[in-house]
Amino acid sequence: MHAAVVSYLQVALDVPLQRTFDYLWAGPAPTVGSRVVVPFGKQTLAGVVVAVSAELDPARGLTVAQLKASQAVLDDMPPLPADILALCKFCSDYYAWPLGQVIAAALPGALRQPQPWQGGQALQFWQALDVTALLGQLSPRAHKQRAVAEALAVPRSIEQVRAVAHDGGRWLKEWIAAGWVVEAVPQADTAPPQASAHPDLTACQASAVARLNAAQGYQPFLLYGVTGSGKTEVYLREIEARLAHGGQVLVLVPEINLTPQLEARFRLRFPHEHIVALHSGLADGERTRNWLLAAQGRARIVLGTRLAVFTPLPHLALIVVDEEHDQSYRQQEGFRYSARDVAVYRARQAQVPIVLGSATPAIESWRNMREGRYTLLTLGQRAVTGAKPPQMTLISTQQQRLFDGLTQTAINTLRDCLDAGQQALVFINRRGYSPVLACHECGWIASCKRCDARLVLHREDRRLRCHHCGWESPPPAQCPDCGNADLQPLGFGTQRLEETLTGLFPDTPPLRIDRDNTRRKGSLDAMLQQVHAGEARLLVGTQMLAKGHDFAGLSLVVVVNADAGLFSTDFRAQERLFAQLLQVAGRAGRAGLPGRVLIQTRYHDDPFYPQLMSGDYAAFADRVLQERKANDLPPYSAWAMLRAESKTLMRAVTYLREAVQLLRTQPGIHAGAPIPALMMRKANQERAQVLVSSSSRPALQSAMRFLMGELLQKKAPGVRWYIDIDPSEA
DNA sequence: GGGCGTGTATTT
DNA sequence: AATACACGCCCC
């Protein structure tokens, strides 16, 4: 008998508490990064070991008697590697969010449960030691068995075996027991893809690829190219080069909707590579499996949305962030982070190149490029020979009568386009039927009882919905204030536009595509299929349609109302509008057909439009940068937003006022006055916020750390607060 | 007393 | 976040 070995584990748990918890473990010390099951109050939770020691550190302020024992160390996942733990630690510090919750965000759902994951067998691959000998053992008439045996000439997962024959799993088990089949690791096939898969590169593309190929260690690139200039082909070439050297690549895309399309293109290009997708639309089991395959280094291409930025990749050699300006890279709830920024940090940490691609780069990235921190790669022309940038026209809605939101010019142009047998897209930035339901007698407007927001009328199911908290109800039969029975929808959403277009073009029924009718899995794919097949020629949609989809027959885009973004209080609104309109415009005329874009606006005189029409994003971005610098706005000053929610606005504001007092003791920090949030009330919580800024990011970081320490010690009944670093809206 | 909402202390 | 418990309130 030898003495029992006891280790002390520091465990990060998925709880909103700014500390880690200590547990005893009797037995051989687990590796840092291991998944453990621990008791926590009355609960049993899964956590990740972030430190192991042989003695209890007195600085933890605990006695051994206070510690509980960890229940289990799980081996269903390889311990989180040190680089991912370090990345999580960095994010926890930078974004002021509990480490345990950052780690939880980095793990797939099944690995956050306090039970071992049972899907491990799906990860194993099996191969026949000697196929000929095995075939000799089998009856010549057992065709199915023989087919399975032949398939096992190369490593196969149990799923692949079952796909060959229904009873494949049973036979596999027998053959493993008999020693005919053994576990095997699939070898990545390094045979070069067929030459046919390689389109010719333009001069710009070739030069971009050459410079990427030459990159060693950490080097960030800004790949700036108009829609249709062939950014994806540049990614593919560089990925191919990095894979050839045995590396793994991480490709981030803004939205789940874009992954199937890109995935298909990648599979076609790399038929022998193990490619996995990682996004929130996957079933838990599949996401866990894909995550583990990447973590084991078996999947060499990871294609995912923002959450994929935390995937362990032992042989990471390249990171690609497609459409790097896209807002979807920011997590807006809970652990607020920017996956693009985290990706850049990760590239530096892993000492690998990173490519940020966009036709309309984020102003922050543009500045990094202008100041020499990012290398600029420009793709100047459209890759399809003969394709020209779309012709943009402004239509003033001040001078023309509107017919249900559409000008006569727009209607005529739509008709010409449809008569010519081409496709058209009508773009509107609002889903639903109409934004407001109003009473013309007394001015009553349907609004949410829990938020400061208007309710949106959805015609299909006759419901009023709050797009902010999800509350819904049937529309009232009469005005609740004055009893008038004639309530009128005001303004336009996708659904009302769909109705209008149905009336205008009875022969070409419009296809509406927005979040409301694409919630079901696969429904968007089915609709896109219709578009590609030419069955749907008139499309109505929100920004969902603006992103990344290639519609060969589309030659006209009508933007119904561009003005909302023009006069916002948010200093980022104009660049978003610019990016959005350029993206939408990029949908028109991608393959040979000349594209036309009509933009309806009341403010056709605004200096914004000439720049948009010229399509010169570089000039626009430079001007925005100058303005930002002159006004000391991000990225020239570092911002953080301290937000507080409470039942009453008073309480939230009072709390923030105290926080401001604390902040003003810190050097180099500017803290404004607490103000009610843009949407003051949301889900029955009053919300207020304080903008904190500094010309020095380290100063801001240390001030926020100081503030956190102080606020955590203060008890504030009924007030919830959090810090939003680099907030996306003011 | 029982059945509730609400507020608050605790979690290693 | 989840949980448990201590209040106060109502029931009649």
Side-chain angles (χ1 to χ4, degrees), chain A residues 4-27 29-30 32-74 85 88-89 91-92 95-115 284 331-337 449-450 469 643-652 654-655 658 682-686 708-709 711-724:
Chain A
V5 192
V6 175
S7 321
Y8 297 90
L9 315 180
Q10 266 181 57
V11 179
L13 296 170
D14 184 10
V15 290
L17 301 172
Q18 284 285 4
R19 57 161 308 147
T20 56
F21 296 86
D22 298 56
Y23 290 88
L24 291 167
W25 177 247
V32 168
S34 297
R35 216 162 89 76
V36 289
V37 177
V38 295
F40 188 72
K42 291 277 143 104
Q43 313 172 70
T44 302
L45 298 179
V48 169
V49 177
V50 294
V52 181
S53 58
E55 302 287 331
L56 180 60
D57 183 354
R60 302 284 295 172
L62 291 161
T63 63
V64 175
Q66 287 173 283
L67 302 191
K68 293 184 186 169
S70 169
Q71 286 172 11
V73 176
L74 302 177
L85 276 177
C88 290
K89 185 75 177 51
C91 288
S92 168
Y95 291 110
W97 200 252
L99 178 60
Q101 297 200 292
V102 173
I103 292 176
L107 294 176
L111 298 177
R112 293 196 291 253
Q113 303 309 125
Q115 296 95 29
D284 228 24
Q331 175 112 66
Q332 297 281 18
E333 227 116 71
F335 165 38
R336 293 164 175 250
Y337 65 98
K449 291 174 183 61
R450 308 165 64 203
C469 73
R643 303 185 200 269
E645 301 178 356
S646 182
K647 255 187 136 162
T648 67
L649 185 64
M650 253 316 275
R651 252 170 147 182
T654 311
Y655 188 76
E658 291 168 36
K682 189 168 175 178
N684 258 351
Q685 289 276 308
E686 302 276 356
M708 285 239 312
L711 291 187
L712 285 170
Q713 286 177 28
K714 241 164 67 104
K715 58 178 166 65
V719 180
R720 291 155 52 89
W721 61 273
Y722 57 91
I723 293 167
D724 194 357

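Just so it is clear: chains get the letters A, B, ... in the order the sequence lines come, proteins before strands, and each one is counted from 1. Keep in mind that the numbers below use all heavy atoms, side chains included, and drop hydrogens, waters and symmetry copies. Computed from a predicted model, the values in this text were never measured in an experiment.
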List every contact pair, protein side and nucleotides 6-9 of chain C side both N or O, where the distance is under 3.5 Å.
none

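- A:T44 has its side chain within reach of A:Q71: a pair of non-hydrogen atoms, C-beta onward, lies under 4.5 Å apart.
- The interatomic distance linking A:I103 (CD1) with C:dA1 (C1') rounds to 17 Å, in whole Å.
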In B/S/- notation (B base, S sugar-phosphate only, - none; protein heavy atoms under 4.0 Å), nucleotides 7-12 of chain B written 5' to 3' is -S--BB
Residues A:R643, A:D724; criterion salt bridge (Lys or Arg N to Asp or Glu O under 4.0 Å); working and verdict | CA-CA 7 Å; A:R643 303 185 200 269; A:D724 194 357; 3.1 Å; yes
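- Taking the ring axis of A:F21 as reference, the NZ or CZ atom of A:R19 stays within 45° of it and closer than 6.0 Å to the ring centre.
- With A:Y8 as reference, A:L67 is the one residue of A:D22, A:L67, A:D57 to meet the side chain to side chain contact (heavy atoms under 4.5 Å, CB included) rule.
- Annotation: the span from A:Y23 atom OH to A:Q10 atom CD amounts to 12.0 Å, rounded to 0.5 Å.
- Using the six-membered ring where Trp is involved, A:Y95 and A:Y337 have ring planes that are perpendicular, over 60° apart on the 30 and 60° scheme.
- To the nearest 0.5 Å, the span separating OG on A:S34 from CG on A:L74 amounts to 9.0 Å.
- Between the C1' atom of C:dA1 and the CD atom of A:Q113 lies a distance of 14 Å, rounded to the nearest Å.
- Using modelled atom types, one finds no donor on one side chain facing an acceptor on the other under 3.5 Å when comparing A:R60 with A:S53.
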